[in-house]
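Throughout, protein chains are lettered first and strands after them, A, B, ... in sequence-line order, and every chain is numbered starting at 1. Values below: all heavy atoms of this structure, side chains included; hydrogens, waters and symmetry mates excluded.
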There are 2 protein chains.
Amino acid sequence: MDIQSIKVACSGCNLRELCLPMGLKPQELEHLDQIISNRRRIKRGASLFSAGEAFTALYAVRSGFFKTCITSADGRDQVTGFQMMGEIIGMDGIVHDQHACDAIALEDAEVCVLPFDRIEQLSREFSALQHHVHKIMSREIVRDQGVMLLLGTMRAEERLAAFLLNLVQRLHARGFSQSELVLRMTREEIGSYLGMKLETVSRTFSRFMEDGIIDVRQRYVLIKDTQALERLVNPPMRN
Amino acid sequence: MDIQSIKVACSGCNLRELCLPMGLKPQELEHLDQIISNRRRIKRGASLFSAGEAFTALYAVRSGFFKTCITSADGRDQVTGFQMMGEIIGMDGIVHDQHACDAIALEDAEVCVLPFDRIEQLSREFSALQHHVHKIMSREIVRDQGVMLLLGTMRAEERLAAFLLNLVQRLHARGFSQSELVLRMTREEIGSYLGMKLETVSRTFSRFMEDGIIDVRQRYVLIKDTQALERLVNPPMRN
DNA sequence: CGGCGTTTTGATAGCCATCAACTTCAGTGG
DNA sequence: CCACTGAAGTTGATGGCTATCAAAACGCCG
């Protein structure tokens, strides 16, 4: 078994409990291995795909960090999500056979290419995979609705608190610290995602630090009081 | 052929070009007819499903108007979408086998019940249907990202203009006027969807009327200058 | 016709954007 | 090794947009 074939096997991937293979049986996993045709490396700042490009595949983030963003006709930019290892990108492209957003690597990254026609083909054979694909798309829909709630109803402090909690929670699920993280994105990108200006992001970080809730030094963040953040996101009761 | 069987057939439905059957071949359509087990009537103000309820089916809106909304732990409410005839609701429920939001009828409505296990089953047999289901979910993801752009970057006037244009465009695709519409939702529901307060919605309507862009009388809206609305959504260029 | 939910409109306040200056950091080349 | 340079981040002052509070007008339904 040469190195190449090891590299592209879901069955041996340390992300298999988080990524596409999650919950599949060994036999089904082997079939998945067949469709993971290859990997792609993306340098920091480069795009995995851009809006308008032909859609051919989904991508599973193997390592590194991405942002997805859409640009409106008049040049407004909105970050619609940050993706880390084990997460799937590209489902926006299915409707119109072309991508609706840009996916840009925030650091050197590697993705598994999942040709979508192969996914559909295999989904027809294995209902477990089929259902799993549906769940992944549904999860994305629910996630987006959560962002709508954030953008529609929350104030700056609440948004940033929710953002930090969401990030550490996802990192923790991948074996990282519950209370410590390194931001892979700029204040401006955080702001674009949360619907606020970069200055407001910076100020809000500073306020959290004054309040003793977190320590921030540039991209490094230490969460000192998780419950305080949770209280910010979910105030005792507003009525 | 009794009335009942006429009623529940996709193949004879006047919405078939917009709804789930869109683009399917006659043969595939017949199979779809089998899984459309029944209809459900929902009275104005009643819920089609609520957050936390077990997920069993998607629903195709046959007539009437719905809103979907999520409620956060502390009671904040966010309308995540308005659905009209020919549109599919319920995909939020797939991930966790229970619905993540409430779907509430804004007027007396009727939906076709699409048991999801039957959809998956039939999807395995007919790749056209399979791909179509994927497109519908992808469309929802892209729509949600558009709402994020709206909530994250637009100001009140731009949001309401985008909202009105989106509504008439969808109504026009269903054979209604391009310039006239009756809102099925309150100012408060519009505001919740657009991330603004009902007073701001009302004021913005008034401003549009002063500017001669629209006529508003309660729920009735006449769009007098579509291009003016489009200019509001897409300013000449911001840079 | 009365009652109530919905909508409109006004006055005021507050949050965040904007503009601006300065600091810190990372990467580069002398 | 260190100075240089530009990007990223911080902080301050100010203004504007929208929320909030309040009251009145309107329309719907029993």
To the nearest Å, how far apart are [X] [atom1] and [N] [atom2]?
X: A:Leu198; N: D:dG12; atom1: CG; atom2: P; answer: 16 Å
X: B:Leu160; N: D:dT18; atom1: CG; atom2: P; answer: 11 Å
X: B:Leu194; N: D:dC17; atom1: CG; atom2: C1'; answer: 16 Å
X: A:Phe205; N: D:dA8; atom1: CZ; atom2: P; answer: 16 Å
X: A:Leu183; N: C:dA26; atom1: CG; atom2: P; answer: 14 Å
X: A:Glu210; N: D:dG12; atom1: CD; atom2: C1'; answer: 13 Å
X: A:Arg184; N: D:dG9; atom1: CZ; atom2: P; answer: 13 Å
X: B:Tyr220; N: C:dT7; atom1: OH; atom2: C1'; answer: 18 Å

Hey, could you give me each pair passing side chain to side chain donor-acceptor pair (under 3.5 Å) that has a residue in residues 44-58 of chain A? Not counting sequence neighbours.
A:Ser47-A:Ser50

A side-chain contact here means heavy atoms from C-beta on lying under 4.5 Å apart; do B:Leu150 and B:Arg159 qualify?
yes

Non-neighbouring partners of B:Arg174 that pass salt bridge (charged side-chain N to carboxylate O under 4.0 Å, His left out), sequence neighbours left out:
B:Glu87

Salt bridge (charged side-chain N to carboxylate O under 4.0 Å, His left out) against A:Glu107, all qualifying residues, sequence neighbours excluded
A:Arg184

State whether A:Arg207 and A:Glu157 are salt-bridged, where the test is any N-O pair (Lys NZ or Arg NE/NH1/NH2 against Asp/Glu carboxylate O) under 4.0 Å.
yes

Helical bend (five base pairs per end, nearest 10°) for the helix from C:dC1-D:dG30 to C:dG30-D:dC1
40°

Residues that B:Ser177 engages under side chain to side chain donor-acceptor pair (under 3.5 Å), provided they are two or more places apart
B:Ser179

Listed pairs under 3.5 Å, donor-acceptor, residues 214-224 of chain A side chains, sequence neighbours left out:
| from | atom 1 | to | atom 2 | distance (Å) |
| --- | --- | --- | --- | --- |
| A:Tyr220 | OH | A:Glu180 | OE2 | 2.8 |

Would you please confirm or rule out a distance under 4.0 Å between OP1 or OP2 of D:dT11 and any side-chain N or O of A:Ser202?
no

Under the ring-ring contact (aromatic ring centres under 6.0 Å, His included) test, residues paired with B:Phe55 that sit two or more places apart:
B:His99, B:Phe116

Listing request: all salt bridge (charged side-chain N to carboxylate O under 4.0 Å, His left out) pairs with a residue in residues 188-198 of chain B, at least two apart in sequence or in separate chains.
B:Lys67-B:Glu189

Provide the full list of salt bridge (charged side-chain N to carboxylate O under 4.0 Å, His left out) pairs with a residue in residues 142-153 of chain A, sequence neighbours left out, each pair given once.
A:Glu140-A:Arg143

All N/O pairs under 3.5 Å across the protein-nucleotides 13-16 of chain C interface:
| from | atom 1 | to | atom 2 | distance (Å) |
| --- | --- | --- | --- | --- |
| C:dC16 | OP1 | A:Ala156 | N | 2.7 |

I want to confirm an ordering. Mapping A:Val201 and B:Val201 to their closest nucleotides on DNA chain C, which one lands closer to the 5' end?
B:Val201

State, to 0.1 Å, how close A:Ile36 and A:Cys112 come at their nearest heavy-atom pair, and which atoms those are.
CG2-CB, 4.0 Å

Give A:Thr186 one of three labels, base, sugar-phosphate or nothing, depending on what nucleic acid heavy atoms sit under 4.0 Å from its own.
sugar-phosphate

What string of B, S and - do you get for nucleotides 21-30 of chain D, 5' to 3', when a contact is any protein heavy atom under 4.0 Å?
B-----S---

Would you be so kind as to tabulate the donor-acceptor pairs closer than 3.5 Å made by side chains of residues 77-85 of chain B, with sequence neighbours excluded?
| from | atom 1 | to | atom 2 | distance (Å) |
| --- | --- | --- | --- | --- |
| B:Asp77 | OD1 | B:Thr71 | OG1 | 2.7 |
| B:Gln78 | NE2 | B:Ser192 | O | 3.1 |
| B:Thr80 | OG1 | B:Thr68 | O | 3.1 |
| B:Thr80 | OG1 | B:Thr68 | OG1 | 2.9 |
| B:Gln83 | NE2 | B:Thr68 | OG1 | 3.1 |

From D:dT11, D:dA8, C:dT9, nucleotide with atom closest to A:Arg219 side chain:
D:dA8

